[in-house]
Amino acid sequence: MINKLENSKREVARQIFDVFQSSYQIEADLIGAENFPPLSRSIEAIENADTLFYGFVERGCLAGVIEITPNAQYLDIDSLTVDPRFFKK
């Protein structure tokens, strides 16, 4: 099920952070990046973000996160990540 995530709540921000870290680490490894900016994003930055977060929950786990910025006529996708445990599903 897809739900809006309340990123201003510490525990929710931590869950988003965990998905970001595990997913972006694999991406950094695949492209051979030693300094990959998404990996430096903190829990506090997620908590204080003005963007909207939605998550897909499967079996009680946050399996995927999309971060968006809505505008008048469209929306920007700022990030789209999947927890590696849910790759290829």
(request) Taking all heavy atoms of Leu62 and all of Asp83, pick out the closest pair and write down the distance. (result) O-CB, 3.9 Å
(request) Calculate, to the nearest 0.5 Å, the distance between atoms CZ and OG belonging to Phe86 and Ser22 respectively. (result) 10.5 Å
(request) Measure across Ala13 and Asn7 and return the closest heavy-atom pair with its distance rounded to 0.1 Å. (result) CB-O, 3.4 Å
(message) Side-chain heavy atoms nearer than 4.5 Å, only ILVMFWY residues, links allowed to pass through others: does that put Val57 and Val19 together?
(response) yes
(request) Check whether any side-chain N or O of Ser23 sits under 3.5 Å from a backbone N or O of Phe20 as a donor-acceptor pair, and report yes or no. (result) no
(request) Assess whether atom CD1 of Ile77 is packed by more than 12 heavy atoms of other residues, nucleotides or ligands within 6.0 Å. (result) no
(message) According to side chain to side chain donor-acceptor pair (under 3.5 Å), does anything in residues 50-62 pair up with another residue at least two apart or in another chain? List the pairs.
(response) Thr51-Glu67
(request) Might you confirm whether atom OH of Tyr74 has over 12 heavy atoms from other residues, nucleotides or ligands at distances under 6.0 Å? (result) no
(message) Side chains of Phe53 and Val12, heavy atoms from C-beta outward: is any pair under 4.5 Å?
(response) no
(request) Check whether Ile66 and Ile2 end up in the same hydrophobic cluster, where Ile, Leu, Val, Met, Phe, Trp and Tyr are linked by side-chain heavy atoms less than 4.5 Å apart. (result) yes
(message) Can you tell me how far apart CD1 (Ile46) and CD (Gln15) are? Round to the nearest 0.5 Å.
(response) 11.0 Å
(message) Side-chain heavy atoms nearer than 4.5 Å, only ILVMFWY residues, links allowed to pass through others: does that put Leu80 and Leu75 together?
(response) yes
(request) Could you tell me whether the side chain of Glu44 reaches within less than 4.5 Å of the side chain of Arg10, counting heavy atoms only? (result) yes
(message) Please give me the minimum heavy-atom distance between Arg41 and Phe17, naming the atom from each residue.
(response) O-CE1, 3.1 Å
(message) Among residues at least two apart in sequence or on other chains, which ones pass side chain to side chain donor-acceptor pair (under 3.5 Å) with Arg14?
(response) none
(request) Any chance you could measure Asp78, atom CG, to Leu52, atom CG, to the nearest 0.5 Å? (result) 9.5 Å
(request) Might you point out which heavy atoms bring Leu39 and Ala28 nearest each other, and give the distance in Å? (result) CD1-CB, 4.1 Å
(request) Find the distance between CD1 (Ile16) and CD (Glu11) and round it off to the nearest 0.5 Å. (result) 10.5 Å
